[in-house]
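Let me begin by presenting the structure, written as structure tokens, before commenting on it.
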There are 2 protein chains.
Amino acid sequence: MTTLSDTLFTSTLNAIYSGELAPGDEVNEAALAGRFGVSRGPVREAVRRLQGIGLVSREPYMRATVVRLTATQVRELFEMREALEGMACRLAAQRMSDAEQERVAADLDAARAARLAARKSRARAPDFDFHERIIRASGNARITNTLCGDLYHVLRVYRRRSGAVPERSDEAHAEHWQILRALRARDGELAESLMRAHIARAAVKVTERLHALDGRRR
Amino acid sequence: MTTLSDTLFTSTLNAIYSGELAPGDEVNEAALAGRFGVSRGPVREAVRRLQGIGLVSREPYMRATVVRLTATQVRELFEMREALEGMACRLAAQRMSDAEQERVAADLDAARAARLAARKSRARAPDFDFHERIIRASGNARITNTLCGDLYHVLRVYRRRSGAVPERSDEAHAEHWQILRALRARDGELAESLMRAHIARAAVKVTERLHALDGRRR
DNA sequence: GCGACCCAATGTGTTGACACTTGATCGATG
DNA sequence: CATCGATCAAGTGTCAACACATTGGGTCGC
């Protein structure tokens, strides 16, 4: 059984994803309630959950707003991701089954092929999330929840607004393979540093892009 | 202005800390509401927040219970802490001011002296939290919130129940100094590995203790 | 006796109304 | 004309009642 709060949480999340609720916008409980045809109770809970994962900022009696990520917050996000995904990668090196490694390898190749095909046909390739697969293979539910739950949502909103960084996809693919090799060699130490470096590079790209956008916006 | 929800969150947290609400206990919204003389609304929000930080587990229409940490979950907690505190320590090495380093050094010594005195007089030494100081010096609000907010609460409940590990305090003090030296040398790499090793050692101790307790309990 | 089914009792999910806080508008005043 | 203070609307916080799901126990058929 799923409750209204859950539904509203997802719906509101989607509204944020789609840009309907843009960063900086006010989140009005009554308005949301009216829009979804429910009372304010479930809406409140949904908004509180969004606040919990840091997508919405709110203080008592103040209107809630969709969080607007500053350059500092983006940096913090990536630092945290680097720490956690690095650790997840190290753990995955120890705990991932051989079979799962092979599956990820196959999917990684398939995703690349699909991306190349899509590039020609201008279609959008289904995104295969290498990172998520590794994280889930870490065997650490708490880290997985933090990364695939909280951080993922925040990053996704940000990514949506800043756009993807397509020119990095080839590089990224190479780095993914490198990480996978370390995993197969069961070298946790190496896998961790590769993943951290991989994320740090992504952070640099994203930061550059953020600055470019900021420049254009103002 | 502080709301009832906030108050209730803190109160309930304290009830859990004090053992009044022990792991495995059911958390009855109406009962809590009655006890604090408020309606169920604020209680719900407080319980949801506790659920958010992983202290209470709940599914729709099911009674909420105070989370009972299994050995696996303790391991996961420490793995996450190792990753985040390691990163925080690395960042602190770069960002901590010289003045703050000196203050922490002074407090570290003072705390040790107080502990020795307390040992003689059987009093309880005020705990100076070296870890928290380092974390806050990392300059990363997100990591700080996760460690000092969410994880801290969970760990604290656990610590309360398993008891401290006094014989490690001398060791820990030495390790803290070692970390501080790395911070002073602005050696982020070293500071991070020292902190990770420090936490890993604590994890081993806690795990041993947990097994011992488990053995006695059943 | 044993198991499946039904049914209250308990507790959570949801609602609409009311109380309080905040920020802004508007007018009086130095 | 600027500034301060009262007033007011909009929005959040809280409440008490109602609707629904789950659970445990009793009853009936086998």
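Excluded from the calculations below are hydrogen atoms, water molecules and symmetry mates; all remaining heavy atoms, backbone and side chain alike, are included. Below, read A as the first sequence line, B as the second, and so on, with proteins coming before strands; counting in each chain starts at 1. No experiment lies behind these values; they were computed from the predicted model shown.
At the heavy-atom level, A/Gly41 lies under 4.0 Å from base atoms of the strands shown. Across all strands shown, A/Val43 has no heavy atoms under 4.0 Å from either base or sugar-phosphate atoms. Among the heavy atoms of the strands, none lies under 4.0 Å from B/Val47.
With DNA chain C read from its 5' end, the first of the two nearest nucleotides for A/Pro60 and B/Glu26 is the one closest to B/Glu26.
Taking atom CZ on A/Phe36 and atom P on C/dT15, their separation rounds to 13 Å, with Å as the unit. For the pair B/Arg48 CZ and C/dT12 C1', the interatomic distance rounds to 9 Å; values are reported in whole Å. The separation between B/Leu32 atom CG and C/dT12 atom C1' is 14 Å, rounded to whole Å. As a whole-Å value, the separation of A/Arg44 CZ from D/dG11 P is 15 Å. When the C1' atom of D/dA21 is taken as reference, atom OH of B/Tyr61 falls 6 Å away, rounded to whole Å. To the nearest angstrom, P of C/dT15 lies 14 Å from CD of A/Glu29. Atom CD in B/Glu45 sits roughly 10 Å away from atom C1' in D/dT12 (whole-Å rounding). The distance between atom CG of B/Leu4 and atom P of C/dA19, rounded to the nearest whole Å, is 16 Å.
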Legend entry - Stepwise side chain to side chain contact (heavy atoms under 4.5 Å, CB included) check, A/Gln101 with A/Leu183: CA-CA 8 Å; A/Gln101 286 186 352; A/Leu183 290 177; 4.0 Å; yes
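Distances shown here put every side-chain N or O of A/Arg63 at or beyond 4.0 Å from the OP1 or OP2 atom of C/dT22. Here A/Ser5 does not reach the OP1 or OP2 of C/dG13: none of its side-chain N or O atoms lies under 4.0 Å away. An OP1 or OP2 oxygen of C/dC18 is reached within less than 4.0 angstrom by no side-chain nitrogen or oxygen of A/Arg40.
Side-chain atoms of B/Thr12 and B/Val47, non-hydrogen and from C-beta on, never get closer than 4.5 Å to each other. Within the 4.5 Å cutoff, side-chain heavy atoms of A/His173 are placed close to those of A/Leu108. Within the 4.5 Å cutoff, no side-chain heavy atoms of B/Met87 are placed close to those of B/Ser138.
Picking from C/dT12, D/dA16, D/dG13 the nucleotide with the shortest atom distance to the side chain of B/Arg58 gives C/dT12. Minimum atom distance to the side chain of A/Met62 is reached by C/dT22, of the listed C/dT22, D/dC15, C/dT15. For B/Asn28, the side-chain atoms get nearest to C/dG11 when compared with the rest of C/dG13, C/dG11, D/dC15. Closest to the side chain of B/Val38, out of C/dT14, D/dC15, D/dG11, is D/dC15. Taking only side-chain atoms of B/Pro42, from C-beta outward, the nucleotide of C/dT21, D/dC15, C/dG13 with the closest atom is D/dC15.
The distance from the CG atom of B/Asp6 to the CZ atom of B/Arg49 is 5.0 Å, given to the nearest 0.5 Å.
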